[in-house]
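This one's a predicted model, so the numbers in the text were calculated from it and none came from an experiment. Here is how names work: the chains are called A, B, and so on, in the same order as the sequence lines, proteins then strands, and each is numbered from 1.
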Protein chains: 2
Amino acid sequence: MEDVIRSLGFLCLGSRLKRIGEQLQADTQRVLDRLDVPVQSSQYPLLAALDRLGALPVGELAQALGIAQPGVTRSVALLAELGLVEVSQSNNDQRRRIVSLTRNGRRLVDVAKRDVWPRIEKAVADLCADLSGPLLDQLAAIEDGLAAAPIDRRVEKAGAVVQ
Amino acid sequence: MEDVIRSLGFLCLGSRLKRIGEQLQADTQRVLDRLDVPVQSSQYPLLAALDRLGALPVGELAQALGIAQPGVTRSVALLAELGLVEVSQSNNDQRRRIVSLTRNGRRLVDVAKRDVWPRIEKAVADLCADLSGPLLDQLAAIEDGLAAAPIDRRVEKAGAVVQ
DNA sequence: CATTGTTATATATCATGTTATTGTTTCGTG
DNA sequence: CACGAAACAATAACATGATATATAACAATG
């Protein structure tokens, strides 16, 4: 069966990038599922942003993540429910709500930074290591690579080597 | 403000691809909004699949588009509501529901193929034309290019030249 | 200093992807 | 041929992106 999105080339580049991105996230989710972490893979960028930049108001967090503000509001509510972030009022401006990592959130990020993220990053980097040439060719190579061995399988192998 | 997704490189490649894909689709949507077409940009791949491959059952359509079957069921219901596709029972297998373009759907695809898709494809191709090198660099160039001039502005210009 | 505009966030609604489940129909086999 | 397994599509429930709008706090000005 012909892959229409791939055949259409630049015309459907948006759909194709979304599709690859979703697959990568789903693969990564399977890695996380094997650990005991109650967080979706898509929430990690927010945690990583707080780790890199420190406590931030909602709007700046949205800017740092490149997504719209309501998405951040929702993610923050979810992560606050899980006890990983907390929200405090700004002193000088009562409108701003400053988001920061809780002690548990800090611990989760530290563990992830040490044990999980490097493996995922390495698996994705390996997947993309030998790519060169035009963008569409590189995307096709990524799709083929993921079909041959999804990220979670690549992490397994890398894990075995690292340990 | 630092772009955390970009900074994190391969670790958040999935989020980043999704983000770029969504932006491309939103830009394309703005092109379509200026025409009179009542169809979301994300529905065009389905129409294009029927155009390229002819009438197809739901499952094969899902395979051709690389998305899950329930997504196709929903899109087909939506496009059928708009009168662009229709569904008929298969003769030999009562389980299969064959999706095909209606006369209106056929006309829409023909117009799009002639007047719209070539411009969008050209605008996206131009955006990606001079890219080379590692994937992450190419993605950064695309992000910068879209920030400088989104697809709908590029289509305008291309349209002016072509006409 | 009251009113008016702006900014920051929350909420509502929609779009579109996912997985899990259910109900039919078909197939294969004892 | 009957019955259990498999295949196909629909539905339910959820995730996560978007835009539009409402609300509250701040700022600026006549």
Side-chain angles (χ1 to χ4, degrees), chain A residues 5 12 14-30 32-33 38-46 56-63 65-82 87-99 150, chain B residues 5 12 14-30 32-33 38-46 56-63 65-82 87-99 150:
Chain A
I5 304 282
C12 290
S15 296
R16 192 167 178 194
L17 292 175
K18 268 186 74 175
R19 200 175 66 175
I20 300 173
E22 269 153 11
Q23 164 136 38
L24 275 171
Q25 284 190 341
D27 287 3
T28 305
Q29 187 59 54
R30 276 199 299 278
L32 300 175
D33 284 345
V39 182
Q40 297 279 324
S41 59
S42 48
Q43 305 296 336
Y44 276 94
L46 198 157
L56 283 178
V58 171
E60 290 185 31
L61 206 38
Q63 217 183 320
L65 296 171
I67 65 176
Q69 166 259 310
V72 172
T73 295
R74 178 167 29 183
S75 287
V76 165
L78 192 152
L79 292 170
E81 192 77 19
L82 294 172
V87 174
S88 63
Q89 221 76 26
S90 164
N91 293 336
N92 18 354
D93 187 338
Q94 295 292 319
R95 292 171 304 181
R96 310 182 92 192
R97 301 185 61 221
I98 312 294
V99 183
Chain B
I5 304 283
C12 290
S15 297
R16 192 167 177 194
L17 292 175
K18 267 186 75 175
R19 199 175 68 173
I20 300 173
E22 268 151 15
Q23 163 135 38
L24 276 172
Q25 284 190 342
D27 287 2
T28 305
Q29 187 60 52
R30 277 199 298 279
L32 300 176
D33 284 347
V39 183
Q40 297 280 324
S41 60
S42 47
Q43 304 297 337
Y44 277 94
L46 198 157
L56 283 178
V58 171
E60 291 185 32
L61 206 38
Q63 216 184 320
L65 295 171
I67 65 175
Q69 167 258 311
V72 172
T73 295
R74 178 168 25 182
S75 287
V76 165
L78 192 152
L79 292 171
E81 191 78 19
L82 294 173
V87 174
S88 62
Q89 220 75 26
S90 165
N91 293 336
N92 18 353
D93 187 338
Q94 295 291 321
R95 292 171 303 181
R96 311 182 92 192
R97 302 186 60 223
I98 312 295
V99 183

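If you take CD of A/Q40 and P of D/dC14, they are 13 Å apart, rounded to a whole angstrom. Distance, B/Q63 CD to D/dC8 C1': 13 Å, rounded to whole Å. A/Q89 places its CD atom 13 Å from the P atom of D/dA24, with the value rounded to the nearest Å. For the pair B/R19 CZ and D/dA18 C1', the computed distance is 15 Å after rounding to whole Å. Here the C1' atom of nucleotide D/dA18 and the CG atom of B/D33 are 13 Å apart, to the nearest Å. Taking atom NZ on A/K18 and atom P on C/dG17, their separation rounds to 6 Å, with Å as the unit. For the pair B/I98 CD1 and D/dA9 C1', the interatomic distance rounds to 12 Å; values are reported in whole Å. Put simply, CD on A/E60 is 8 Å from P on C/dT9, counting in whole angstrom units.
Note on B/Q43: only backbone sugar-phosphate atoms sit closer than 4.0 angstrom, heavy atoms only; bases stay farther off. Residue contacts shown for B/G59 are limited to sugar-phosphate atoms, with no base heavy atom under 4.0 Å away. Within the 4.0 angstrom heavy-atom criterion, only backbone atoms of the sugar-phosphate kind lie near A/P57; the bases stay farther away.
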Which pairs, protein N/O on one side and nucleotides 21-26 of chain C N/O on the other, fall under 3.5 Å?
{"unit_1": "C/dT25", "atom_1": "O2", "unit_2": "B/R95", "atom_2": "NH1", "d": "3.3"}
{"unit_1": "C/dT26", "atom_1": "OP1", "unit_2": "B/Q94", "atom_2": "N", "d": "2.7"}

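Counted within 6.0 Å of CD on A/Q89, heavy atoms from surrounding residues, nucleotides or ligands total more than 12; the atom is thus considered enclosed.
One N or O donor and one acceptor, one from the side chain of B/R74 and one from the base of C/dG17, sit under 3.5 Å apart.
In terms of position along DNA chain C, the nucleotide closest to B/Q29 lies nearer the 5' end than the nucleotide closest to the other residue of the pair A/A26 and B/Q29. Residues B/V58 and B/R30 both approach DNA chain D. Their nearest nucleotides, taken by heavy-atom distance, put B/V58 toward the 5′ side.
Listed nucleotides C/dG17, D/dA18, C/dT19 differ in distance to A/I67; the shortest reach to its side chain belongs to D/dA18. In this structure, the nucleotide among C/dG17, D/dT11, D/dA15 sitting nearest to the side chain of B/S75 is C/dG17. In this structure, the nucleotide among D/dT11, D/dT19, C/dG17 sitting nearest to the side chain of B/T73 is D/dT11.
B/V99 pairs in a side-chain contact (heavy atoms from CB on, under 4.5 Å) with only one of the listed residues (B/L61, B/L56, B/T73), which is B/L61.
For the residue pair B/Q43 and B/S75, a side-chain donor N or O sits within less than 3.5 Å of a side-chain acceptor on the partner.
Rounding to the nearest 0.5 Å gives a distance of 12.0 Å between CZ of A/R74 and CG of A/L79.
A salt bridge does not link B/D33 to B/R30: none of the charged nitrogens lies less than 4.0 Å from a carboxylate oxygen.
The shortest non-hydrogen separation linking B/N91 to B/Q94 is O-NE2, 3.8 Å.
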Check step by step if side-chain contact (heavy atoms from CB on, under 4.5 Å) holds for A/R19 and A/I5.
-> CA-CA 10 Å; A/R19 200 175 66 175; A/I5 304 282; 3.5 Å; yes
